[in-house]
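To find a chain, count down the sequence lines: A is the first, B the second, and so on, and within it residues start at 1.
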2 protein chains.
Amino acid sequence: MKKPRRVSLSTQIVQELTKKIETGDWPIQTKIPTEAQLTEQFEVSRNTVREALQSLIQAGLLESKAGDGTYVIAANKFEANMYHELGKADYQEIAEARQLLEKNLAFLAAKKRTEEDLIAMEVALERRNNPAFTLEELALKDIDYHIEIAKAAHNSIMLDVYQSISTYLFQLIFDHMQQDVTFNHDDSQQLHIELFDAIKARDSKLAETIVGKISSY
Amino acid sequence: MKKPRRVSLSTQIVQELTKKIETGDWPIQTKIPTEAQLTEQFEVSRNTVREALQSLIQAGLLESKAGDGTYVIAANKFEANMYHELGKADYQEIAEARQLLEKNLAFLAAKKRTEEDLIAMEVALERRNNPAFTLEELALKDIDYHIEIAKAAHNSIMLDVYQSISTYLFQLIFDHMQQDVTFNHDDSQQLHIELFDAIKARDSKLAETIVGKISSY
DNA sequence: TTCCATTTGTTCGTATGTATG
DNA sequence: CCATACATACGAACAAATGGA
């Protein structure tokens, strides 16, 4: 039915641009190349470029300003929907949403993780384990690890949601670590290893519990 | 700010066509005039007509078939959402995300609901309670009720996430009710009343458990 | 402030490809 | 096979908004 054997040029451009945005190649607020430049770059007419841009504007990923340029305003569709809300969401709300989502994701991951997921998680876990890291670096690696768990949950909606707020998580986790004078690198790593083991053992309840401990650490 | 002093031709055409559709002048399944005819009728180019049609197709009001014609498939945007079909895989993911989010929201609502929230929930609960409702109507009221619970959770992020997927929930809930031959209106309402009571009593664990029962009903 | 180059917005005309009945 | 109708793509022109000189 909806199987166009040949993907339209504008669709191809949409895919290329989406990739740039989602991989962070073009972070939020980036001013993307002008229509004329994209026309040259993709070797298509301006109309075709505009059609692709229209799709992304419609999806809420881009915003264009006449006489100025076109800007990235969201990294994915969920973020596009929550674009307005997140900015004014307060700290407590983000922290609360984070804990709930991480519990949900750990629960799902324990049920659905594959061997490949375990490998990816282990790599991220290892990267996280460097006592020489500053708190800043640790916070970043921490988010990476939790995103791997989110991927292991095999639910693209929940993954999107988590990735959307992960932008805001950095500051949150960083502050959390910094304010907690009792924060201990090894203890933290130990808890994350336990979480990995629980997911590996497919113990969803335990995984959920451990996330609770990590968040309220 | 967003005050274009001159409405574009395609926008004007969108408005004209929308009027035809919403007033019932062009009922559902009507085959609308061809692009060539609309071109003549509005005295604009075919491109401009197509741009307008694209908007309405995107909005879900129209559907076009190459070599055949363009048809009205929904009378308004809300109805258009109902026709929004989802892939089988997405369907499962949405169902999963729905259950998790509703549990989270009920949990939070039980902890943070105010007296005003209870009143709003009670109103939505009462609206839901009409044995004469078709399953379609019931599904709509059901979503309304759960959105009230989401509001009572007092977390704008979680509310936003839930509202984002609620667009897709209608079809899901509707199918769920329809496929379940044991579905009983009174039993369902009873469970929803129990959920209300649990939130009123601030029993977050019980609220979460009841949502689990409702989802797996 | 005005003016101007840049960039997006709108519209047209045309050509060719693809799907339907 | 064929006429019809939508799908895709190109090129061109001018309007309107913006930001900076």
Legend entry - Electrostatic pair B/Arg128:B/Asp142 at N-O distance under 4.0 angstrom: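 Looking at B/Arg128 and B/Asp142, the cut-off is met.
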Inset, instruction - Tell me the partner of C/dA15, counting only Watson-Crick (N1-N3 plus N6-O4 or O6-N4) or G-U wobble (N1-O2 and O6-N3) with both under 3.5 Å; none if nothing fits. - result: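 Answer to the pairing question: D/dT8, which forms a Watson-Crick or G-U pair with C/dA15.
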Nucleotide [N], atom [atom2] - distance to [atom1] of [X] in whole Å:
{"X": "A/Leu56", "N": "C/dT8", "atom1": "CG", "atom2": "P", "value": "14 Å"}
{"X": "B/Lys65", "N": "D/dC6", "atom1": "NZ", "atom2": "P", "value": "13 Å"}
{"X": "B/Ile57", "N": "D/dT8", "atom1": "CD1", "atom2": "C1'", "value": "14 Å"}
{"X": "B/Glu51", "N": "C/dG9", "atom1": "CD", "atom2": "P", "value": "11 Å"}
{"X": "A/Arg50", "N": "D/dC10", "atom1": "CZ", "atom2": "P", "value": "15 Å"}
{"X": "A/Tyr71", "N": "C/dT8", "atom1": "OH", "atom2": "P", "value": "9 Å"}
{"X": "A/Phe42", "N": "D/dA9", "atom1": "CZ", "atom2": "C1'", "value": "16 Å"}
{"X": "B/Gln54", "N": "D/dA7", "atom1": "CD", "atom2": "P", "value": "7 Å"}

Legend entry - Side chain B/Arg46 and base D/dA7 donor-acceptor under 3.5 Å: yes
Inset, instruction - Measure the spacing between NZ of A/Lys20 and CD of A/Glu22 and express it to the nearest 0.5 Å. - result: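 Spacing of NZ (A/Lys20) from CD (A/Glu22) equals 14.0 Å.
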Inset, instruction - Assign the ring pair B/His192 / B/Tyr145 to parallel, tilted or perpendicular, where the plane angle (0 to 90°) is split at 30° and 60°. - result: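 Rings of B/His192 and B/Tyr145: tilted, 30 to 60°.
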From C-beta outward on [X], which listed nucleotide comes closest to its side chain: [options]?
{"X": "A/Val44", "options": "C/dT8, D/dC10, D/dA5", "result": "D/dC10"}
{"X": "B/Asn47", "options": "C/dC12, C/dT8, D/dC6", "result": "C/dC12"}
{"X": "B/Asp68", "options": "D/dT8, C/dT20, C/dT11", "result": "C/dT20"}
{"X": "A/Ala66", "options": "C/dA19, C/dT8, D/dA9", "result": "C/dT8"}

Inset, instruction - Report yes if the side chains of B/Trp26 and B/Leu17 come closer than 4.5 Å at any heavy-atom pair, otherwise no. - result: yes
Would you please confirm or rule out a distance under 4.0 Å between OP1 or OP2 of [N] and any side-chain N or O of [X]?
{"X": "A/Ser64", "N": "C/dG9", "answer": "yes"}
{"X": "B/Ser8", "N": "C/dG9", "answer": "no"}
{"X": "B/Thr48", "N": "C/dC12", "answer": "yes"}

Inset, instruction - Would you check if the side chain of B/Glu93 reaches a backbone N or O of A/Ser156 as a donor-acceptor pair within less than 3.5 Å? - result: yes
Inset, instruction - Report the residue (A/Glu43 or B/Leu53) whose heavy-atom-nearest nucleotide on DNA chain D is the more 5′ of the two. - result: B/Leu53
